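Okay, so here's the structure we're looking at.
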Amino acid sequence: MAWIKRHLIAFAAIAVLIYMLVPNLVVAVFSFNEPKGRFNYTFDQFSTAAWTNPCGAQGICESLGLSLQVGVIASLAATVLGTMIAFALGRYRFRGRSATNLLIFMPMATPEVVMGSSLLTLFLMLGVPSGKGAILIAHIMFCVSFVVVAVKARVATLDPRLEEAAADLGANPTQTFLRVTLPLAAPGIAAGALLSFSLSFDDYIITNFNASPSSITFPMYVWGASARGVPVQVYVIGTLMFLLALSFVMTGQVVSKRRNRQVA
């Protein structure tokens, strides 16, 4: 019993991790299924047909390509804007700083239904047509807040003495930022960029308000297909996206451990 009490937190963490990963494992298993009917709810027969032809379902790769394109552009734009805002809020004191902090958190706290309908009203008033452009603007807007939070937390932990040491050694402000500050803030920036991409790729509600019939993203495709039967290719793409995200996390952990060993 004493051993169990000492490792109780570890057991709880493992249980929560298993609980979170079970849906992904179910999706991976059913990606090898060949359902007899329209719905892929029961495992009928093992097959790799969906893996050999992931674009077999009509329109699935077009929607996936649009989601990837919007996700990459939105995450890059949000990362640049969010990083600059985070450094401004974390390093400088100026009038309106408290109000800016409040406004940054508002997109994170606002329900997506409210945000999506508000953006639709705004775009209609400004004459912005629904479609890819409107989706991109909306995604950048709500992704910036998450980047600011991630990068600002990293900026708050930076030791200013390192930048002072670089200046003492003759580095100008630009060299100090590029060779000292930016590498130290890189983990927070990378975390914000990955979080932005995942949020943009996964968003349905805000996207549905601002999409056009010709701009169907992958989540919208999955929702529309759920009524008539989700194709097995959706499970394949979901498994690939999960494995890709897992590889990013594992690579980051390996790189972090190697850096810590070099420093030690």
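Everything numeric in this text was worked out from a predicted model, so none of it was measured.
We find the CG-OG1 distance between L182 and T176 to be 12.0 Å, quoted to the nearest 0.5 Å. If you take CZ on F197 and CZ on F248, they are separated by 8.5 Å, rounding to the nearest 0.5 Å. Rounding to the nearest 0.5 Å gives a distance of 4.5 Å between CD of E112 and CD1 of I206. Annotation: the span from L66 atom CG to S214 atom OG amounts to 9.0 Å, rounded to 0.5 Å. Put simply, CG on L68 and CD1 on I73 are 11.0 Å apart, with the number rounded to the nearest 0.5 Å.
Of the N and O atoms on the side chains of S200 and D202, not one donor lies less than 3.5 Å from an acceptor on the other residue.
Taking each heavy atom of S215 and A211 in turn, the nearest pair found is O-CB, 3.5 Å. Annotation for P187 and R154: closest pair CG-NH2, 4.0 Å, computed over non-hydrogen atoms. Between A78 and S196, the closest heavy-atom pair is CB-OG, 4.3 Å. Of all the heavy atoms in I140 and A77, the pair that sits closest is CD1-CB, 3.7 Å. Between S67 and T217 the shortest heavy-atom distance is OG-CB, 3.2 Å. Of all heavy-atom pairs between N210 and A138, the closest is ND2-CB, 4.3 Å.
Not a single salt bridge (charged side-chain N to carboxylate O under 4.0 Å, His left out) links D168 to another residue, sequence neighbours left out. Not counting sequence neighbours, R179 has no partner by the salt bridge (charged side-chain N to carboxylate O under 4.0 Å, His left out) test. Applying the side chain to side chain donor-acceptor pair (under 3.5 Å) test to T174 and every residue at least two apart in sequence or in another chain returns nothing. Residues satisfying the salt bridge (charged side-chain N to carboxylate O under 4.0 Å, His left out) test with R161, not counting sequence neighbours, are D159.
Cluster annotation: M115 is not connected to F209 through the hydrophobic network of ILVMFWY side chains, with a link wherever side-chain heavy atoms come within less than 4.5 Å. Residues I85 and M141 fall into different hydrophobic clusters, defined by Ile, Leu, Val, Met, Phe, Trp and Tyr side chains chained together at heavy-atom separations under 4.5 Å. V70 and L195 fall into different hydrophobic clusters, where Ile, Leu, Val, Met, Phe, Trp and Tyr are joined by side-chain heavy atoms under 4.5 Å apart, directly or via other members. Under the 4.5 Å side-chain heavy-atom criterion for grouping Ile, Leu, Val, Met, Phe, Trp and Tyr, F177 is connected to I189 within one hydrophobic cluster. Criterion: ILVMFWY side-chain heavy atoms under 4.5 Å apart, direct or through other members. Under it, I205 and V144 are not part of a common hydrophobic cluster.
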Donor-acceptor contacts under 3.5 Å from residues 127-137 side chains, at least two apart:
| unit_1 | atom_1 | unit_2 | atom_2 | d |
| --- | --- | --- | --- | --- |
| K132 | NZ | Q69 | OE1 | 3.1 |

Check: residues 230-244 side-chain donor-acceptor pairs under 3.5 Å, at least two apart:
| unit_1 | atom_1 | unit_2 | atom_2 | d |
| --- | --- | --- | --- | --- |
| Q233 | NE2 | N53 | O | 3.4 |
| Y235 | OH | N40 | O | 3.4 |
| T239 | OG1 | Y235 | O | 2.8 |

What donor-acceptor contacts under 3.5 angstrom involve side-chain atoms of residues 94-105, with partners at least two apart or in another chain?
| unit_1 | atom_1 | unit_2 | atom_2 | d |
| --- | --- | --- | --- | --- |
| R97 | NE | L89 | O | 2.9 |
| R97 | NE | Y92 | O | 3.2 |
| R97 | NH2 | L89 | O | 2.7 |
| T100 | OG1 | G96 | O | 2.7 |
| N101 | OD1 | K152 | NZ | 2.8 |
| N101 | ND2 | R97 | O | 3.3 |

Taking only distance into account, with no hydrogens and no angle test, what donor-acceptor pairs under 3.5 Å do side-chain atoms of residues 11-32 form with protein atoms, sequence neighbours excluded?
| unit_1 | atom_1 | unit_2 | atom_2 | d |
| --- | --- | --- | --- | --- |
| N24 | ND2 | M20 | O | 3.3 |
| S31 | OG | A28 | O | 2.5 |
| S31 | OG | W51 | NE1 | 3.1 |

Listing, residues 117-124 side-chain donor-acceptor contacts under 3.5 Å, not counting sequence neighbours, or none:
| unit_1 | atom_1 | unit_2 | atom_2 | d |
| --- | --- | --- | --- | --- |
| S117 | OG | V113 | O | 2.9 |
| S117 | OG | V114 | O | 3.0 |
| S118 | OG | V114 | O | 2.7 |
| T121 | OG1 | S117 | O | 3.0 |

Between I60 and Y221, does the side chain to side chain contact (heavy atoms under 4.5 Å, CB included) criterion hold? Intermediate values first, please. CA-CA 7 Å; I60 188 171; Y221 176 89; 3.8 Å; yes
Walk me through whether M220 and T207 qualify under side chain to side chain contact (heavy atoms under 4.5 Å, CB included). CA-CA 8 Å; M220 294 178 63; T207 304; 3.8 Å; yes
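Side chain of S75 to backbone of V72: a donor-acceptor contact under 3.5 angstrom is found. In this structure a side-chain-to-backbone donor-acceptor pair under 3.5 Å is present from S47 to A49. Between the side chain of R91 and the backbone N or O of A86 there is no donor-acceptor pair closer than 3.5 Å. With hydrogens and angles disregarded, a donor-acceptor distance shorter than 3.5 Å links the side chain of N33 to the backbone of Q45.
Sorted by first and then second residue, the ring-ring contact (aromatic ring centres under 6.0 Å, His included) pairs involving residues 141-163 (not counting sequence neighbours) are H139-F142. For residues 181-192, the set of pairs meeting the side chain to side chain donor-acceptor pair (under 3.5 Å) definition, not counting sequence neighbours, comprises E163-T181.
Under the 30°/60° scheme for interplanar angles, the aromatic rings of F39 and Y41 are found to lie parallel.
Hydrophobic side-chain contacts under 4.5 Å tie I9 to no other Ile, Leu, Val, Met, Phe, Trp or Tyr residue.
Counting non-hydrogen atoms of neighbouring residues, nucleotides and ligands closer than 6.0 angstrom, the CE atom of M108 exceeds 12 such neighbours.
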